[in-house]
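Read through the structure below, which is laid out as C-alpha cells, and then see the notes.
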Amino acid sequence: MSLSRRTARSVRTLGVAAGAVALALGAAGNALACDISEFSAEATCVDGHGVIVVTDKDAYGTPAVVSVFLENNGADAKKIGNQEVKGSAQGTSVTFAEDWQPNAVYRIHVKAGGKLVDADITPNLTTPSTACTPAAPSTPATPSKPATPTPSASATPSKPATAAPTPSASQSSTAPAGTVSNAPSPAAGDSNLAETGASSNTGLIAGIAAALVVVGGGAVYYGLRRRGANDGR
C-alpha cells in the first residue's frame, strides 16, 4: 500500500508539472502568434498616382488576407480590393492602387490563422490633405542632324570636252552667198582714201605732178616758138 501511495504521489506531481508547462507554452505561443498590432497602413504616391500600402511584420509569417474599404460617414462605400500577405520580421508589404482624395478615410481589415486574427487596423487610415501630383512627362531629346559632307573639288567629275565640228571641204572653200565675213570692215576714212588713191604722200606727189606739167607746158611752148622762128627765116 505504501508503494502504491508513493507511485500515486509521483504521478500526481508529474501531472501538475506537465500542466504547468503546457500552460506556459500556451501563453508563450499566444504571445508569439500573429497579432493585429503587427499590421500597419499608409497612403502615399508613386509616380504621381495614389496607392495604399499595408505592411505585415509577423515574424512567424502567418498567411493573412488584407481587405481595404473606402469609408463614407462610418460605413463602407466601396471595396478597393483584397490581397494575401505573408509577414516577416523586416516587414512584407502589399500595395493597393487607389487614386485617393485628400482627407479620405479607409478601413483595413486583416484575417489570419483562421480565427487567430479577424480585426481592423485601428484607427482607420486617413489620407494626406494634399493630393498626388501627376509626374510631368519628360521631353525627348531632339536628335542632332548629321553633318552633311561637303564634296571636295577633286570628287566633282569634270564635264567631257565637246569636240568642235570640223567643216567639210565644200563649206571651208566656198562661203555661202549672203554670208558676212568675220574680218573687220575698214573704217570710213580708210575706205575713201583707197577709192581716191590718197595716202599720206598725196600732197607731195600732187606738187611734183604739177611742176612736171608746168615744165612740160613750158617746154612745148618754147619748142613751138622756136619752130615758128625757124619757119620765118
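Remember, it's a predicted structure, so these values are computed and weren't measured experimentally. For reference, positions follow the sequence shown, starting with 1.
Between Lys111 atom NZ and Asp118 atom CG the span is 5.0 Å, to the nearest 0.5 Å. Atoms OH and CG, on Tyr106 and Leu125 in that order, are 8.5 Å from each other to the nearest 0.5 Å. Interatomic distance, NZ of Lys78 versus CD of Glu98, reported as 4.5 Å (0.5 Å rounding). Atoms SG and CG, from Cys34 and Leu116 in turn, are 6.0 Å apart once rounded to the nearest 0.5 Å. Between the CG atom in Leu70 and the CG atom in Asp76 there is a gap of 9.0 Å [rounded to 0.5 Å]. To the nearest 0.5 Å, atom OG of residue Ser129 and atom CD of residue Gln101 are 13.0 Å apart.
Qualifying side-chain hydrogen bond (donor to acceptor under 3.5 Å, both in side chains) partners for Ser88, counting only residues two or more places apart in sequence or in other chains: Thr92.
Of all heavy-atom pairs between Ala77 and Asn72, the closest is CB-CB, 3.7 Å. Heavy atoms only, all atoms of each residue included: Gln83 and Thr95 are closest at NE2-O, 2.7 Å. In terms of heavy-atom proximity, Asp99 sits nearest to Gly50 at OD1-N, 3.2 Å. Thr62 approaches Gly113 most closely through the heavy-atom pair CG2-N, 3.9 Å. Across all their heavy atoms, Ala97 and Val51 have their closest contact at CA-CG1, 4.2 Å. Contact detail for Lys57 and Gln90: the closest heavy-atom pair is CE-O, 4.4 Å.
Side chains of Asp120 and Thr122: a donor-acceptor N/O pair is absent below 3.5 angstrom, by distance only. Using a 3.5 Å distance cut-off with no hydrogens or angles, the side chains of Asn82 and His109 do not pair a donor with an acceptor.
In terms of hydrophobic clustering, with Ile, Leu, Val, Met, Phe, Trp and Tyr side chains grouped at heavy-atom distances under 4.5 Å, Val68 and Val105 are assigned to different clusters. In the hydrophobic clustering of this structure, Phe69 does not group with Val110; members are Ile, Leu, Val, Met, Phe, Trp, Tyr whose side-chain heavy atoms approach within less than 4.5 Å, directly or through other members.
In this structure the side chain of Thr44 reaches within 4.5 angstrom of the side chain of Val53, judged on heavy atoms.
Proximity of a side-chain donor or acceptor of Thr127 to a complementary backbone N or O of Trp100 within less than 3.5 Å is not detected. Checking side-chain atoms of Asp56 against main-chain N and O of Gly87 turns up a donor-acceptor pair under 3.5 Å.
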